[in-house]
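Because the structure is a prediction, the values reported are computed rather than measured. The sequence lines fix the lettering, A, B, ..., with proteins before strands; numbering per chain opens at 1.
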Protein chains: 2
Amino acid sequence: MNIGDVARQSGVPAKTIRYYEDIGLIRPNRSENGYRAFTENHVHKLAFLGRARALGFTIEDCRTLLSLYEDENHESMQVKAVAEDHLRQIEEKIAKLQSMRATLAELVEKCAGDHRPDCPIIEDLSPERLAK
Amino acid sequence: MNIGDVARQSGVPAKTIRYYEDIGLIRPNRSENGYRAFTENHVHKLAFLGRARALGFTIEDCRTLLSLYEDENHESMQVKAVAEDHLRQIEEKIAKLQSMRATLAELVEKCAGDHRPDCPIIEDLSPERLAK
DNA sequence: CATTGACCCTCCAGTAACTGGAAGCCTCAT
DNA sequence: ATGAGGCTTCCAGTTACTGGAGGGTCAATG
């Protein structure tokens, strides 16, 4: 199978597939003409990667998950550990963003948004406000 | 004032201050010895930048906000527009992360996390599940 | 007066995960 | 044989810094 077919079937862009080969996530063979030659298994792996990436796992996480996916004797606790760790990081990010949102939403609401210069947003960012 | 003092006073690391000069966010003078020479105004600007970055504004947003901050005749609607846009993007990110969290939390909960290989997380990521 | 330690300087490289684009084969159909 | 796609490699750019090497400067001390 050529890269285009694999891209269509897995949902992973050809460019990204080449990149994944570069960093050693997949290792397709080569045809005589120099084209990458993929198997069904590669399609599976790439779909797996696409799904994992969509869940926000890092490439390094993906590398780990992929090796567990391929390992018949993996223990579910290994997988769970990776996922739990990732979940924690997502929750941290959410918390940080929510705090930003709260501040921003408040400032935006207080700002008249008219032709005058007075603006609580700028004031909040300004250090002079501390001196007042 | 030297960069170290400014870093302490503004809370922005020296390394970052140099970077901000590189990309034209601030323009300190130079002393005869080649050291950057900062004024109080630079400290204000850097503190402003630090605050804006903490709220998640991009550097380009910061550039805009800084110029509005410096412009006596700015209109609050200009500021509000930038902030609203940013707020929208934050909300999008939150939504995306929350959706990831929901999926992940469910999978993590369902995973036994023991020595057996069976794992709903891996299964969810696997494309074979589609064939079943 | 020389040295030491704390500052400061300028590059250069690396981070994460791609993405776009140029230049140039390969293949198949007309 | 020619033209449209598809494939190849390699280089550069994205975001916002951060770390480090190699090397001046300054103030105080022995």
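We find that Glu106(B) and Lys110(B) are joined by a salt bridge, their nearest charged nitrogen and carboxylate oxygen being less than 4.0 Å apart.
Side-chain atoms of Lys96(B) and Met100(B), non-hydrogen and from C-beta on, do get closer than 4.5 Å to each other. The shortest distance between side-chain heavy atoms of Val12(A) and Leu49(A) does not fall below 4.5 Å.
Ranking dT8(D), dT18(D), dC26(D) by closeness to the Ile3(A) side chain, first place goes to dT8(D). You'll find that the side chain of Asn2(A) is closest to dC7(D), out of dC7(D), dC17(D), dT18(D).
The aromatic rings of His86(B) and Phe57(B) sit tilted relative to each other, their planes meeting at an angle between 30° and 60°.
In this structure, CG in Leu125(A) is found 8.5 Å from SG in Cys119(A), a value given to the nearest 0.5 Å. The CD1 atom of Ile23(A) lies 5.5 Å from the CZ atom of Arg63(A); values are rounded to the nearest 0.5 Å. From Ser99(A), atom OG reaches atom CG of Leu104(A) across 9.5 Å, with rounding to the nearest 0.5 Å.
Among the protein residues, Arg18(A) comes within range of the nucleic acid bases, having at least one heavy atom under 4.0 Å from a base atom.
Between Asn33(B) and dC26(D), a side-chain N or O to OP1/OP2 separation shorter than 4.0 Å is present. Taking only side-chain nitrogens and oxygens, Arg30(A) comes nearer than 4.0 Å to OP1 or OP2 of dT9(D). Note on Tyr20(B): a side-chain N or O is less than 4.0 Å away from OP1 or OP2 of dC17(D). When the side-chain nitrogen and oxygen atoms of Arg36(A) are compared with OP1 and OP2 of dT8(D), one or more of them lie within a distance under 4.0 Å.
Across the interface with DNA chain C, nearest-nucleotide mapping of Thr58(A) and Gly34(B) shows Gly34(B) to be the residue nearer the 5′ end. For Tyr35(A) and Lys15(A), each mapped to the nucleotide of DNA chain C holding its nearest heavy atom, the one lying further toward the 5' end belongs to Lys15(A). Nearest-nucleotide positions on DNA chain D for Arg53(B) and Ala14(A) put Ala14(A) closer to the 5' end.
Within residues 62-69 of chain B, no residue places a heavy atom under 4.0 Å from DNA chain C.
Residue pairs that meet the ring pair (Phe, Tyr, Trp, His ring centres under 6.0 Å) test with at least one member in residues 19-41 of chain A, sequence neighbours left out, are Phe38(A)-His42(A).
Going from atom CD1 of Ile23(B) over to atom C1' of dT15(D) covers 10 Å, rounded to whole Å. One atom, CG of Asp22(A), and another, P of dA12(D), lie 16 Å apart when rounded to the nearest Å. To the nearest angstrom, P of dC26(D) lies 15 Å from CG of Asp5(B). In this structure, Leu46(B) atom CG and dC17(D) atom P are separated by 11 Å, rounded to whole Å.
Nucleotides of DNA chain C with any atom under 4.0 Å from a heavy atom of chain B span, from 5' to 3', dC7(C) to dT10(C).
Other residues, nucleotides and ligands contribute over 12 non-hydrogen atoms within 6.0 Å of the CZ atom of Arg30(A).
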